[in-house]
A.B. asks: 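I have a structure I would like to understand better, so I am pasting it below and will then ask my questions one at a time.
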Amino acid sequence: MRRKLRDLIQSAATPLLRVASRAYVPGPHLDDALTLARQLEAQGLSATIGYFNSDDDAPDLITGYDLAAIEAATTLKHPAYVSIKVPPLLYDPSRVGTLARLATQHGQWLHFDSHGPETAEPTLNLMTQVQGEHTKLGLTIPGRWVRSLHDADWAIANGVRVRVVKGQWACPEHPDMDLREGFMAVIERLAGRAVEVAVASHDAQLVRQALTRLKAAGTPCELELLCGLPRHEVMAVAKELGVPVRYYVPFGTAWLPYAMGQLLRQPRLWGWMLRDLLASFGQR
């Protein structure tokens, strides 16, 4: 019964999601992502490009898409970088090393996305292996894990750029951790110590608190938003604080199910998205 209800809600919500996010979401192909990235550049915004793989994508196929994305990022005027998902690449140092060498050749950051807590340690081990051939690495750290402060210390010690998120997967040791408190604990650990921090949230109140703290500590920072989710309120905060904004521009057919899952898990996003939708009509 619960699954039927979820499927019913999803089937009803998907058309609204498509309409509300049409100004921010590319199609399934890399060219679609580039088109949107160039539109964002015209607004003074930067882009992160990332391939959202399907569960049945082979590692070599994913590697090929990531390599193509790194090459494509060189065609953008604003500094862009590529985010990769290493569990589907089987934590293969050969595949990731190939990506790192190409990113290094183009002077780009190579960013490692976050997955479940069990993936954190092998991800850090893999980053350590490739760091010798690529010094500009980035890591996403969720605020909701007990180990996150340790990972923040590791990033600081290794000169790794950090993207802070609330986190999609709960921590086994502390599943009821307050997401905002965990987020700000990581920000506090990074403030004044990290090479650069991306605040990745659509929660305007939390973004204001995090960016204000990082700026007070003199830490280079930016706001990073996922295309397709509400943006107007949080963009206003970044503008007020004089902080640059970057968009994570996904491509691949797996993006829409991911975004749908975010909306089902976080009902308050519907109100934010509705306000975005009304604002977009008001700008016509």
Side-chain angles (χ1 to χ4, degrees), residues 18 21-54 57-86 88-89 92 94-114 127 130-131 133-140 160-163 195-200 220-229 231 235 238-239 243-256 258-259:
R18 291 184 186 278
S21 61
R22 67 187 181 279
Y24 321 133
V25 180
H29 306 296
L30 178 56
D31 284 346
D32 299 318
L34 282 176
T35 296
L36 180 54
R38 292 189 178 105
Q39 293 172 356
L40 293 169
E41 283 193 324
Q43 303 172 44
L45 309 173
S46 301
T48 298
I49 302 174
Y51 176 62
F52 273 44
N53 63 282
S54 300
D57 282 353
D60 285 344
L61 177 67
I62 299 170
T63 302
Y65 280 126
D66 288 337
L67 288 169
I70 292 171
E71 290 285 3
T74 65
T75 68
L76 298 173
K77 296 177 181 178
H78 288 204
Y81 67 81
V82 170
S83 266
I84 63 173
K85 303 178 184 300
V86 293
L89 296 175
D92 184 344
S94 176
R95 292 189 179 95
V96 176
T98 298
L99 298 174
R101 285 189 292 274
L102 183 62
T104 298
Q105 178 183 330
H106 294 308
Q108 295 177 17
W109 292 93
L110 184 65
H111 190 92
F112 290 66
D113 278 346
S114 172
M127 293 179 70
V130 303
Q131 193 170 31
E133 50 192 321
H134 188 71
T135 56
K136 297 179 67 173
L137 298 180
L139 173 67
T140 296
V160 170
R161 182 183 186 274
V162 178
R163 178 198 295 151
V195 61
E196 186 175 344
V197 177
V199 173
C221 57
E222 66 180 10
L223 171 65
E224 185 162 1
L225 302 175
L226 177 63
C227 287
L229 296 183
R231 71 175 191 173
M235 286 276 289
K239 183 177 180 180
V243 174
V245 179
R246 176 182 300 275
Y247 271 80
Y248 190 133
V249 182
F251 69 100
T253 56
W255 179 86
L256 187 61
Y258 172 85

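Counting begins at 1 with the first residue of the sequence.
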A.B. asks: Are Q108 and P79 side-chain neighbours, meaning at least one heavy-atom pair lies under 4.5 Å?
C.D. replies: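 No - every pair of side-chain heavy atoms lies 4.5 Å or more apart.
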A.B. asks: How long is the gap from CG on L89 to CG on N53, to the nearest 0.5 Å?
C.D. replies: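 Spacing of CG (L89) from CG (N53) equals 8.0 Å.
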A.B. asks: Table please: side-chain donor-acceptor pairs of residues 58-66 below 3.5 Å, with sequence neighbours left out.
C.D. replies:
residue: D60; atom: OD1; partner: R95; partner atom: NE; Å: 3.0
residue: D60; atom: OD1; partner: R95; partner atom: NH2; Å: 3.2
residue: T63; atom: OG1; partner: P59; partner atom: O; Å: 2.8

A.B. asks: Supply the atom-to-atom distance L34 CG to T75 OG1, rounded to the nearest 0.5 angstrom.
C.D. replies: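 Atom-to-atom, L34:CG and T75:OG1 are 5.0 Å apart.
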A.B. asks: Below 4.5 Å, heavy atoms only, C-beta onward: do V82 and H111 meet side chain to side chain?
C.D. replies: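 Contact flag for V82/H111 side chains = no.
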A.B. asks: Which heavy-atom pair separates Y247 from C227 by the least distance, and what is that distance?
C.D. replies: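 In terms of heavy atoms, the two residues are closest at CD2-SG, 3.4 Å.
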A.B. asks: Are the side chains of L137 and F112 in touch, meaning some heavy atoms are under 4.5 Å apart?
C.D. replies: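 L137 vs F112: side chains touch.
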A.B. asks: So, do E224 and V199 sit near enough that their side-chain heavy atoms are less than 4.5 Å apart?
C.D. replies: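 Not in contact.
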A.B. asks: With R101, which residues qualify under salt bridge (charged side-chain N to carboxylate O under 4.0 Å, His left out), at least two apart?
C.D. replies: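 For R101, the residues satisfying salt bridge (charged side-chain N to carboxylate O under 4.0 Å, His left out) (neighbours in sequence not counted) are E133.
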A.B. asks: Are L36 and D32 packed together at the side-chain level, in the sense that at least one heavy-atom pair is separated by less than 4.5 angstrom?
C.D. replies: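 No - every pair of side-chain heavy atoms lies 4.5 Å or more apart.
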A.B. asks: Measure the CG-CD1 distance between L110 and I84 for me, rounded to the nearest 0.5 Å.
C.D. replies: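 Output value for this atom pair is 4.5 Å.
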A.B. asks: State which residues pass ring pair (Phe, Tyr, Trp, His ring centres under 6.0 Å) with Y248; sequence neighbours excluded, sorted by chain then number.
C.D. replies: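 Once residues adjacent in sequence are excluded, the partners of Y248 under the ring pair (Phe, Tyr, Trp, His ring centres under 6.0 Å) criterion are F52.
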A.B. asks: Looking only at non-hydrogen atoms, find the nearest pair between F251 and A69 and report the distance.
C.D. replies: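 Closest approach of F251 to A69, heavy atoms only: CE2-CB, 4.3 Å.
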A.B. asks: With sequence neighbours left out, write down each residue that passes salt bridge (charged side-chain N to carboxylate O under 4.0 Å, His left out) with R161, or none if nothing qualifies.
C.D. replies: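 Per chain and number, R161 pairs via salt bridge (charged side-chain N to carboxylate O under 4.0 Å, His left out) with E196, E222.
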A.B. asks: Could you pull out all residues at least two apart from A80 that satisfy side chain to side chain contact (heavy atoms under 4.5 Å, CB included)?
C.D. replies: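 Listed in chain order: A73, L76.
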A.B. asks: If you take all heavy atoms of C221 and V243, which pair is closest and at what distance?
C.D. replies: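 So the minimum-distance heavy-atom pair works out to O-CG1, 3.8 Å.
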A.B. asks: Using the salt bridge (charged side-chain N to carboxylate O under 4.0 Å, His left out) criterion, which residues pair with K85? Sequence neighbours excluded.
C.D. replies: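 If we apply the salt bridge (charged side-chain N to carboxylate O under 4.0 Å, His left out) test to K85, skipping adjacent residues, the hits are D113.
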A.B. asks: Side chains of R163 and T48 only: does a donor on one sit below 3.5 Å from an acceptor on the other?
C.D. replies: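 The criterion, which ignores hydrogens and geometry beyond distance, is not satisfied for T48 and R163.
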A.B. asks: Could you tell me if the side chain of M127 sits less than 4.5 Å from the side chain of Q131, heavy atoms only?
C.D. replies: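 No, side chains not in contact.
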A.B. asks: Just by distance, do the side chain of T98 and the backbone of S94 share a donor-acceptor pair under 3.5 Å?
C.D. replies: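 Confirmed, T98 side chain pairs with S94 backbone.
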A.B. asks: Going by heavy atoms in the side chains, are I70 and I49 under 4.5 Å from each other?
C.D. replies: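 No, too far: nothing below the 4.5 Å cut-off.
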A.B. asks: Measure the shortest side-chain to side-chain distance between Q43 and V245 over non-hydrogen atoms and say whether it is less than 4.5 angstrom.
C.D. replies: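 Not in contact.
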A.B. asks: Check for a donor-acceptor pair, side chain of K136 on one end and backbone N or O of G107 on the other, with a separation under 3.5 Å.
C.D. replies: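 Yes, because the side chain of K136 sits within donor-acceptor range (under 3.5 Å) of the backbone of G107.
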A.B. asks: With rounding to the nearest 0.5 angstrom, report the NZ to CG distance, K239 to L223.
C.D. replies: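 Between K239 NZ and L223 CG, I get 14.0 Å after rounding to 0.5 Å.
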A.B. asks: Assess the residue pair R246 and H78 against the criterion (side chain to side chain contact (heavy atoms under 4.5 Å, CB included)); give the C-alpha distance rounded to whole Å, side-chain angles, the decisive distance to 0.1 Å, and a yes or no.
C.D. replies: CA-CA 10 Å; R246 176 182 300 275; H78 288 204; over 6 Å; no
